[in-house]
There are 2 protein chains.
Amino acid sequence: MSPQEDFQATRKRLMRTVQDSMDVLNGKWKIAIIASLCCFTKRRFSDILNDVVGISNRMLSKELKELELNQVIKRTVLDTQPITVHYELTEHGKTLQPIIEDLAAWGVVHHKQIVGK
Amino acid sequence: MSPQEDFQATRKRLMRTVQDSMDVLNGKWKIAIIASLCCFTKRRFSDILNDVVGISNRMLSKELKELELNQVIKRTVLDTQPITVHYELTEHGKTLQPIIEDLAAWGVVHHKQIVGK
DNA sequence: CCGGATCCATTTGGATACTG
DNA sequence: CAGTATCCAAATGGATCCGG
């Protein structure tokens, strides 16, 4: 393969794998939900509802289900009365933690960049 | 401040700054567009249109405009005939490059995790 | 070539009420 | 408490055509 073709192939692969990630993290709330779970070993439905400002229970329910399907989070039902549900990052989900932290760091820089000073 | 309150404050701040980042990177295509620009110093409108599989010119136009507003990318018009336009990451935008690479790396791992083997 | 304008279908998502 | 169901408004986004 020529250096030219090699570069193209590398590039296409980068685009594809980034897209693979974004297929999991799509939607308005996924990142915020994961960020909420980053700080705790376990977190309850209503807790996340409070953490993620603006989300409705309808959306939270839907996004959590998708994240569980993608094995990013784990759902545990405790048979208390009334019922209690714990959400936590899986080992796989925990590998997203550095990215969340980088995003937070970038958010700080960006805020300075835009708002200024 | 008690350690308890300190923890809460840190957590809230993480959530906020992550959200600051996501306000910039929202929408279906932003990350993919930035990934496309990561590999080149300059890239044309029609090039990005080809890079980002599935995007329409309408959306590309809109997303590029938003990224420019947030000073992530820079738009340069060359008065050739017909007109040519270059897009590139700003210095600020380039600081997103590590995050894109991490996302790509995570995409690889995730693909193995889900598809298996 | 680089987009803007229009039209229209699909998706998203809030509010509210309801169940186990 | 942890969701689900319904209804409906608004945003998203594709296809197409058009103009500089």
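Each chain gets a letter, A, B and so on, in the order its sequence line appears, and its residues count up from 1.
We find that CG of A:L60 is positioned 8 Å from P of D:dG3, with the value rounded to whole Å. Between the P atom of D:dG3 and the CG atom of A:L49 lies a distance of 11 Å, rounded to the nearest Å. Look at CD on A:Q81: it is 13 Å from P on C:dG20, rounded to the nearest Å. Between the P atom of D:dA2 and the CD1 atom of A:I48 lies a distance of 9 Å, rounded to the nearest Å. As rounded to whole Å, 13 Å separates atom P of C:dT11 from atom CG of A:N26. Between B:E66 atom CD and C:dG3 atom P there is a gap of 15 Å when expressed in whole angstrom units.
B:V109 meets the side-chain contact (heavy atoms from CB on, under 4.5 Å) test with A:H92; sequence neighbours excluded. The side-chain contact (heavy atoms from CB on, under 4.5 Å) check on A:Q19 picks up A:M22, A:D23, B:A32, with sequence neighbours excluded. Residues satisfying the side-chain contact (heavy atoms from CB on, under 4.5 Å) test with B:D6, not counting sequence neighbours, are B:M1, B:T10.
Summarising the geometry, atom CD1 belonging to A:I34 is positioned 5.0 Å from atom CG belonging to A:L25; distances are rounded to the nearest 0.5 Å.
The stretch residues 67-80 of chain B has no heavy atom under 4.0 Å from DNA chain D, so no residue of it qualifies as close.
Across all non-hydrogen atoms, the minimal contact from A:N70 to B:H110 is O-CE1, 3.4 Å.
Looking at B:E68 and B:K65, no side-chain N of the basic residue comes within less than 4.0 Å of a carboxylate O on the acidic one, giving no salt bridge.
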**Asked** With the sugar-phosphate defined as primed atoms, P, OP1 and OP2, and the base as all remaining atoms, what B/S/- string results for nucleotides 4-20 of chain D, 5' to 3', for protein heavy atoms under 4.0 Å?
**Response** B-BB-----BBBB----
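Applying the ring pair (Phe, Tyr, Trp, His ring centres under 6.0 Å) rule to pairs touching residues 10-60 of chain B yields A:F7-B:F40, sequence neighbours excluded.
Contact between the side-chain N/O atoms of B:Y87 and the OP1/OP2 oxygens of C:dG3 is found at a separation under 4.0 Å.
In the hydrophobic clustering of ILVMFWY residues, with side-chain heavy atoms under 4.5 Å counting as a link, A:Y87 and A:V77 come out together.
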